[in-house]
Amino acid sequence: MELSRKAEDYLESIFTIAREKGYAKIKDVALFLEVKPPSVIEMVKKLDCKGLVIYRKYDGITLTQEGRRIGGLVRGRHDAIKAFLEIIGVPEKAADKNACTMEHELDPRTVTQIKNLVRFVRTAPDHPEWLEHFETFCKTGEHTCKKGRE
Ligand code: FE2
C-alpha cells in the first residue's frame, strides 16, 4: 500500500502512543505531532477507510494488524536512524527531528546497514576505540590513533 509521508507519521505516532499507554486518543496524537485535533480526526478517518485504524469517537484510535505493522516499521526505522545520528555526534533533539524526515525517504538497504552499524556499536564489549577517535577528530580535526597518521 502506497502511503503518504503524513499517513506514515500518523501510524508511527499512534503506534508509539499505544505502545506506552495501550491506546491513543485524538488529543494524544495532536500533542505528539503538534497539530490541531480536527486535523487528526480527518486523517484518522482516512486511515480507518483504508483499514489501518479503527476509530470510535469515545474509545479513541486502535491500530489494525496492518496499521500496527506499518506503524511499527516506521518506528523501527526512526529509532535506528536516530541512534545512528547520535552515534555520529548529532545532538538528541536534532537526531530525533531528522530521523522523522529520513525514515520516509531511505532505501531499505540503507536502513538495514544503519541498523547493522547501530547494533555493531551497541553490542561492542567496550565503547569502540574508533568511535572515541572519531569523537576526538570531530573536536580537533586530528587523528589520535597511530595507524591514522601513517
Ligand atoms: Fe518518526
Side-chain angles (χ1 to χ4, degrees), residues 1-139 141:
M1 188 187 303
E2 234 350 92
L3 280 181
S4 67
R5 202 179 133 167
K6 206 169 122 190
E8 283 193 350
D9 276 336
Y10 272 84
L11 291 175
E12 180 195 16
S13 63
I14 297 164
F15 178 89
T16 308
I17 297 162
R19 190 172 56 179
E20 276 158 32
K21 294 178 56 171
Y23 62 90
K25 297 267 184 199
I26 294 292
K27 104 172 170 285
D28 301 324
V29 181
L31 272 175
F32 194 95
L33 289 172
E34 296 176 342
V35 294
K36 297 229 161 23
S39 315
V40 179
I41 294 171
E42 200 190 314
M43 176 55 90
V44 162
K45 281 183 178 165
K46 281 187 198 163
L47 295 171
D48 193 320
C49 287
K50 288 185 187 223
L52 297 170
V53 305
I54 298 160
Y55 172 52
R56 300 273 175 279
K57 211 166 178 189
Y58 297 102
D59 300 332
I61 316 155
T62 323
L63 290 167
T64 62
Q65 201 182 346
E66 181 62 2
R68 197 175 311 116
R69 188 188 67 79
I70 299 170
L73 198 83
V74 179
R75 186 68 222 179
R77 273 188 239 150
H78 180 111
D79 292 341
I81 298 164
K82 184 185 173 202
F84 166 70
L85 293 174
E86 288 191 79
I87 286 170
I88 62 168
V90 178
E92 203 232 325
K93 266 204 158 162
D96 197 43
K97 192 167 156 243
N98 286 169
C100 245
T101 312
M102 292 164 78
E103 70 199 11
H104 310 285
E105 312 291 342
L106 300 181
D107 187 285
R109 286 164 295 187
T110 308
V111 178
T112 302
Q113 284 313 98
I114 287 176
K115 284 185 177 166
N116 279 337
L117 182 88
V118 171
R119 219 157 27 121
F120 180 66
V121 171
R122 281 193 178 155
T123 58
D126 304 305
H127 186 68
E129 209 179 347
W130 59 268
L131 198 51
E132 255 162 57
H133 292 159
F134 177 64
E135 282 157 13
T136 311
F137 181 80
C138 290
K139 284 183 208 132

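Count residues from 1 along the sequence. Indexing begins at 1, ligand by ligand and atom by atom, following the structure's order. Values below: all heavy atoms of this structure, side chains included; hydrogens, waters and symmetry mates excluded.
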*Under 2.8 Å from the Fe ion (ligand 1), which protein N, O or S atoms are there? Could you list them by chain and number?*
E12 OE1, E12 OE2, H78 ND1, C100 SG, E103 OE1, E103 OE2

_Sequence-distant partners of K27, side-chain contact (heavy atoms from CB on, under 4.5 Å), two or more places apart_ = none

*Interatomic distance, F137 atom CZ to L131 atom CG [nearest 0.5 angstrom]*: 14.0 Å

*Could you tell me the separation between the CG atom of L52 and the OG1 atom of T62, rounded to the nearest 0.5 Å?*
13.0 Å

Donor-acceptor list for residues 75-92 side chains, cut-off 3.5 Å, not counting sequence neighbours:
unit_1, atom_1, unit_2, atom_2, d
R75, NE, D79, OD1, 3.2
R75, NH1, T16, OG1, 3.4
R75, NH2, D79, OD1, 3.0
R77, NH1, E103, O, 2.5
H78, ND1, E12, OE2, 3.2
H78, ND1, E103, OE1, 2.9
H78, NE2, D96, OD1, 2.7
K82, NZ, E92, OE2, 2.7

*Is any NZ, NE, NH1 or NH2 atom of the basic residue among R5 and E105 found under 4.0 Å from an Asp or Glu carboxylate oxygen of the other?*
yes

*Under the salt bridge (Lys or Arg N to Asp or Glu O under 4.0 Å) test, which residues partner D48, sequence neighbours left out?*
none

